[in-house]
Each structure stands twice: as structure tokens, then as C-alpha cells.
4 protein chains.
Amino acid sequence: MGRVREAVSRQGEKGGKARATRALLLDAAVKVIGRKGYTGATVDEIVEEAGVSKGLAYYHFKSKAEMAESILDTGMGELADEFVEIAACADSGPSALVGMIERFAVKIFENKEFGRFFVSELWREGRVWSGSMRENEERLLGLIRDQLARAKAEGLIRPEIDVDFEAVALVGMVLTTSLYYIDEKAAVSKEAFIENIIDFVRHANVGTEQ
Amino acid sequence: MGRVREAVSRQGEKGGKARATRALLLDAAVKVIGRKGYTGATVDEIVEEAGVSKGLAYYHFKSKAEMAESILDTGMGELADEFVEIAACADSGPSALVGMIERFAVKIFENKEFGRFFVSELWREGRVWSGSMRENEERLLGLIRDQLARAKAEGLIRPEIDVDFEAVALVGMVLTTSLYYIDEKAAVSKEAFIENIIDFVRHANVGTEQ
Amino acid sequence: MGRVREAVSRQGEKGGKARATRALLLDAAVKVIGRKGYTGATVDEIVEEAGVSKGLAYYHFKSKAEMAESILDTGMGELADEFVEIAACADSGPSALVGMIERFAVKIFENKEFGRFFVSELWREGRVWSGSMRENEERLLGLIRDQLARAKAEGLIRPEIDVDFEAVALVGMVLTTSLYYIDEKAAVSKEAFIENIIDFVRHANVGTEQ
Amino acid sequence: MGRVREAVSRQGEKGGKARATRALLLDAAVKVIGRKGYTGATVDEIVEEAGVSKGLAYYHFKSKAEMAESILDTGMGELADEFVEIAACADSGPSALVGMIERFAVKIFENKEFGRFFVSELWREGRVWSGSMRENEERLLGLIRDQLARAKAEGLIRPEIDVDFEAVALVGMVLTTSLYYIDEKAAVSKEAFIENIIDFVRHANVGTEQ
DNA sequence: CATGAATGAGAATTCATTCAT
DNA sequence: CATGAATGAATTCTCATTCAT
């Protein structure tokens, strides 16, 4: 902590400490919520994980729900930003898709708690954050759809492909397999597994036409 | 109803009413738990949905956890049984797979609450039923793997296919897209959507090699 | 408790126990809230005073606020009902007013906690029960106003009297003096003190014109 | 302001800013406490209303209770001082009483939050300031009693009047009606309303004996 | 079988107060 | 003087479970 603070306090960083604490809490929250689910996680566990007092959590966040919303927003927002960048750099739809799938899988591999939280909230109704969840979800799906459409326009994938459907299918597939293979303390390396997804999708998209 | 009961209550049918009440409660439980998640659902809501008293729920089930376990066991067990039958009747691996995918999707379409419960518990640790969940999950995956292997042996799908991976991917894809398309009050018909999955998988499996 | 129950349980009194418990809780709540004020009173104290578990309080009342609202509604409602009866039986406006003042004072004397709660909530805004409080208050004031108007019509009080004003003044005077004289463990008897109020009001109303 | 401060900060004016901040906080505190009650008001709200930091509030006041005590002491003290002056200037008991009633009503009209706070604390036990509250209350009542006694001695009010009782009644009546008529965004002017009180009291005091 | 009142452990949230800067 | 992050004890409210009837 000492080091971090020194590094930051140099340049008029007012509120740097507050931001750091927020991040600390958010990190702890992802871990606990990912493990136990939103309702199952307790604020007590979160603050213990973060090593701060309970009051502090409520100083920084209005409620447990706000923490969760913040996690989802941040996580999905970052992912979407990266998708945008990947799309911009890629020289074709399919290569953008490969990049996105890879990025998505890696993110979940590196942060399985976030993945779990994400997947278990995806279909839940009546949460305070359901609205922003849907927005983020649609943004992510939209970015994938764009690249599928692009690939189609480029003539690089089968014209019969239903981009709306496939976008959803890709997300589900990546989510499910990633989470599955993290738990399998299996011999399966992250790379091998990502290779598998990409291979699967490529064949599904290109198909027999050639 | 009164008459029927009297007529049969003499014999083994002694527990007929009991069985009916259990089913009533279980139905209510899937609905509520599917909507709010296991921890989020309360026994009060469940019994209200079922229209019975709380005492009665505890007469039939030892605990809320037992209800949930029962739901999962029954639902996944039925599915597995049907998979077994489909596998037995199919004349080839791929046709068995198509049957399974179809059956799985239809089941979720007809009971989205079960689907939601299933997906949200899939990656959760530390539940009393985690063990039986894993078993059921493995049984389901095993049945799919078998058919993938069969298809491979039959030379009907690409030899490079990793059956372990694909079994998981299929489950995730079907789960995700089904749940997504139920929520979309969209114009997408169940049939059209299932067609999409099957088409996607067929191409992924057969690939360019032809 | 045993005796009460026996007395009640005889005649198909289903829910009699529930009603008794509600009353028990309400009694305890008036005491504690009257002593410490609404915000100052804790549910813990209330249930301890009632000798029941905390859960039970929330089984019977949705919230602490609902308890308070219930107290106010019941207390003010009873008072208003009695005012109606007094008005009906009285043979003149002034005699009705005397009856009301007396009744009001006695009620507070016998239940100072209710009086305190009442007076401290009278001017508070933004409570969940503020609405029903206003209604009850207006009902009470209206009944007093009616009798003032009647007395005026009967020519028994000065014609310049502003009935709107006086109704409020009477309530305030009775409330304040009653509460003051309860606390004074003084030698002042309830009767002597009520006599004082009535004398004061009579002169104010009849005045010098005679 | 900067210049002024520099010019005077040398001497006794050292605490000029401090005094200003205290006043700022006290003003904010009356507003919030009058609105929400003592226990209902939070230090956070008070400092926000005052536009200063929480630390500053605790620099100037030892505790929230001290703020409240200070408000009550100041407000009641000022009122008492004014009563003393009114008594000294008045040429008769009744005219002093009229002056006091008027002053009291005006004070509440101009600062309804103080009035609300006052009335809601009047009957509360167990506050740290309950002692000084009682003292102030008694001082106020004493000053009124003195003038009632004087009026009686002057033969200007009925001899049967119980001065102890009436002092309390006057305070309650003024408090209640003032607060009521402030809330009524009614057409009732402050002057007309005060006229009403005075007229009521005069008749009550002089009565039929003439 | 069936009811619903009752319990108590635990969870979310609030808030006066302290303290490093 | 001034700030606002941090604390922890107290408080409201929830909920699975039990039990008398």
C-alpha cells in the first residue's frame, strides 16, 4: 500500500486514495460475488476480503447492488472498448471475430469470478442493474454482429449465416467453455482451448462451400 | 377429485395426494427460483406461488436446498434419460446429436425457469447439491460425447474435432441462445431458431473437408 | 396470557392469537416510542418490552413505521369516534366541547406515551404516515370546529370567535398542559386540572358580553 | 472579506471566523433538526446544509448533542431575555403578557424549525440537554407567571385564575397555533392570527366579571 | 396432512465520531 | 481551521426453520 500511495501522491492526485479504495473494494467484491453469487455474497465477506471496515464500503458505494452494478459496468465496458479496438485494427471480419473471441476467453480465464457473475446475472430479471446489464450486453452483441455482417459482406463467411443468432451463440459458447475449462484443473492449456473455439467457429462459418 | 381419491386411497395410492403436493411445490419452486435465483428466492414466495402453507412445504421437503436439489435432479435426470433414448433410436451420431440439441432447446423453451436455474447453478461452488449437479452434468456431457465419438468413428464429422470441448460448447450454446430467444419476445419461432443451431453445428462439424 | 386466551378461544376465534399478539406489540411500541420518540425507539426495545422475538414483530408489521402508523391511526381514530359520540349526546355546543376537552385530557393522562408521540409527530414532515396523520388531525379538528359553530349558532359563545383558530388552540392547550401536569408528579389532581382548562375556555368563549 | 479579516485578526477578533462558522453550522442544524427531529437528523445532512466539511463540525462542536443543546439554549435564552425586557417596559401585567405572546408567536413564525424542535423536545426524557431544557422552560414559564401574578395583583384579571396552569396553557397554545398556521399556506396573516390569540386570552382572563 | 404463528441467527444499512493530511 | 476518508457499533429488516394446534 505504501508503495502505491507514494507512486500516486506525487502529482496533486487528490482523491487518489479514494479511487484506490474503491478499486480495492471492487476487486474484493468480484471475488466474493463470483464465488457465491450476488445474493449469496455478504458485505461482511467483501469487506473482510478487502481488509477494510464495513462502513467504508458504504462510504464508497450506496449499496451492495451498486457495487455489483459497478463491477458489471466496468467489466463489460472494458470488454466492449477492447472489442471496438480489435474491430478497428482487424483487416477482415473473421480476423476481428477471432480477436474478439480470444480476448473474451482470456478475460474470463483471467477473472473467472467475473465470468461467473456475468453468466449468472445474464438471465436474471428485476435487478437494479438489469437495465444497464441489457445495454452492455447489447453493445457487446452489436459489436460482434457488426463483424459478422462485415465478414458476410466480404464474402468470407456463408451467406446463410444468421448474424443475430450467431452473435448470441458465440458469447454463450465462449462463456460456457471458458468457465468449464478453468474449473477443470485439466491439462488443457488456455491456448489449446482457445484454438478449439476458433477452429469450431471457423468451420461453422465457412462451411462446406468451397 | 374427492371421489377419485376415496376410490383409490385404499392401496398404494396412499401417497397420491402427497405426490401431487410435492409436484405442486416443486413447480412453484422452479418458477420462483428460476426468477430470483436460489439464494434470492424465499420459501415464503414459493409457498405463496404454490398456494399452500409454509408448514406443508417443510412437511414434504427437509429444506429449501432439498427442493432445489430435487428440481435439478429431476430436470437433468429426465433430460439424460431422453438423451439415452434418442441415442438408442438414432441411426447415426450426427442424427443423435441433432435430436439431443433439439430436445434440450425445447425443454428450455418450455421451461425457461429451469433453464435459468440450471445455468446459474452450473458454475456455483459450495452448494449442498454441487456434487449431484456435477454428476448429472457429467452424465449429460458424457452422452453427448458418446455421440460425437460415434459420429467421428462413422466418419461423419471431422477427425480433428475435440469431443470433450465440443460437448461443453454445445451445451453452452444451446443454453445461451435458448434463453436469449425466449426473452426476445421476438418474431423468431422456436423452430427457426433450433434450425439455426443445428445448421451452425453441422457446418462446424463437417467443415470444409469434403 | 392463559386467561386471555381461554376467554377468547371459545368461539371459533381463529386468528384471535394473532390479534392478541398485534395488540401486545402495539402496546409495547406506544410505550417505547412515547418515551424515546419514533426515531429514537428501537425495534429491539419494543420486542423486549413486549416479550417476544424480533422476527415476530416483522411478521405482524411490515416495518417499524407501520407500527407507528398503526398506533397513531388507532389512537386518533378512537378519540375521534368518542368525539362523535360526545357530540351526539350533548345538548349544546359548549357542553359537547367540555366533554371533548375532558375526554382528550383524560386520554393523555391515561396514556402519556401516546400523547408524547402524538405531539412530537404533529409537526414532522416526510413520514410515511404523515398523510394519515393529517387526515386524522383534520377529522379531530373538524369535530371540534363543528361544536364551536354549533355553540355560536346557539348564541352560547361570542360571535367574534374564530372557530378555525380556536379548534387548534384547544388541542394545543390540552395537549401541552396535560403532558406538563402528568410529569409534575405534582399534587395537582387530574380533576382539578381539567377543571382549570374548562374554566379557562368557558371564559374565553363567553367573554365579557353578558 | 479578506482585507477586513486581516485588519482585525490581530486582536480579540481572532475568533471572528470561528464564530461565523459556528453560526453557520447552528443555522444549518436548526433547519435539519427542525425538519427531521433530533435523532432523525444526521450530521451529514447538517454539514451539507451548512456547506462545510464534517471534520469542521466536530472542530467546533464536541458532538451532535452539543449542537442541539446550543440551539435550544440560545433560542430559549434569547426569548427569555426578551421576555424580561418586555416585562420591564410594560405598564401592566396584561400588556406584558400581550407583548410576550406576540414575541413568542413571531419568533416561531420566523423560525418554524426552532419551534418544531422545541415542541418535540419539550416532553422528551433522557437527553443530555434535558436538564438545561427544563431550566430554560422553567425560566420562561416563570416570567409568564410573574406577569399573570402581577395582573392579578393589579386587579386586571380574574382572581380565580391559576397562574401556574395558565402559563403552561399559553405556551402550548401559542406553540401549537403558530406551527399550525405556518404550515397552512393559508390566507391567515401573521397579524390576524396573533390578534386571535390575544383576543382569546384576554377574554379568558377577564371573563364575565365586570 | 395442513396451517400459520413464532423464533433467532444473520444480513444490509446507517451514523456519530475520529484522525491523518 | 479545514477536509473527507475510515471506523465500528447499533439498527432495521429478512428468512430458513420449528412447532403447537
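- In this structure, B:Tyr59 atom OH and F:dT18 atom P are separated by 16 Å, rounded to whole Å.
- Protein atom CG of D:Asp44 is 17 Å distant from nucleotide atom P of E:dT13, rounded to whole Å.
- Within the nucleic acid shown, D:Lys64 comes within 4.0 Å of sugar-phosphate atoms alone, with no base atom in reach, counting heavy atoms only.
- As judged by a 4.0 angstrom heavy-atom cut-off over every strand, D:Ala41 is placed among residues touching the sugar-phosphate backbone only.
- Counting to the nearest Å, the P atom of E:dT13 and the CD atom of A:Glu66 are 10 Å from each other.
- Residue B:Thr21 has no polar side-chain atom (N or O) positioned under 4.0 Å from OP1 or OP2 of E:dC1.
- With rounding to whole Å, D:Ile46 atom CD1 is found 11 Å from E:dT17 atom P.
- Of the possible donor and acceptor atoms, one in the side chain of A:Arg134 sits under 3.5 Å from a partner among the backbone N and O of A:Leu122.
- In this structure, CE of C:Met67 is placed 15 Å from P of F:dT11, rounded to the nearest angstrom.
- Checking the phosphate oxygens (OP1, OP2) of F:dT14, no side-chain nitrogen or oxygen of B:Thr42 falls inside 4.0 Å.
- Between C:Val47 and C:Leu56, every side-chain heavy-atom pair lies at or beyond the 4.5 Å cut-off.
- Considering only side-chain N and O atoms, D:Tyr58 lies under 4.0 angstrom from the phosphate OP1 or OP2 of E:dT17.
- DNA chain E is contacted by both C:Val52 and D:Thr39; C:Val52 maps to the nucleotide lying nearer its 5′ end (nearest heavy atom per residue).
- Counting all heavy atoms, side chain and backbone alike, D:Arg35 lies closest to C:Arg124 at O-CD, 3.4 Å.
- With hydrogens and angles disregarded, a donor-acceptor distance shorter than 3.5 Å links the side chain of A:Lys64 to the backbone of A:Tyr38.
- Nearest nucleotide to the D:Leu56 side chain, out of E:dT3, F:dG4, F:dT3: F:dT3.
- Among C:Lys36, C:Lys31, C:Lys54, the single residue meeting the salt bridge (charged side-chain N to carboxylate O under 4.0 Å, His left out) criterion with C:Glu45 is C:Lys36.
- In the set E:dA6, F:dT17, F:dC1, E:dA6 carries the atom at the smallest distance from any side-chain atom of C:His60.
- Judged by Watson-Crick or G-U wobble contacts below 3.5 Å, the nucleotide E:dA12 has F:dT11 as its partner.
- Between C:Gly40 and A:Ser53, the residue anchored closer to the 5' end of DNA chain F is A:Ser53, taking for each the nucleotide with the nearest heavy atom.
- One can place CD of C:Glu48 at 15 Å from C1' of E:dG8, the figure rounded to the nearest angstrom.
- Taking atom NZ of residue C:Lys17 and atom C1' of nucleotide E:dG4, one finds them 9 Å apart after rounding to whole Å.
- The nearest whole Å value for the distance from the NZ atom in A:Lys54 to the P atom in E:dT17 is 20 Å.
- Base pairing of F:dC1 is not made with any nucleotide, judged by Watson-Crick or G-U wobble geometry with both donor-acceptor distances under 3.5 Å.
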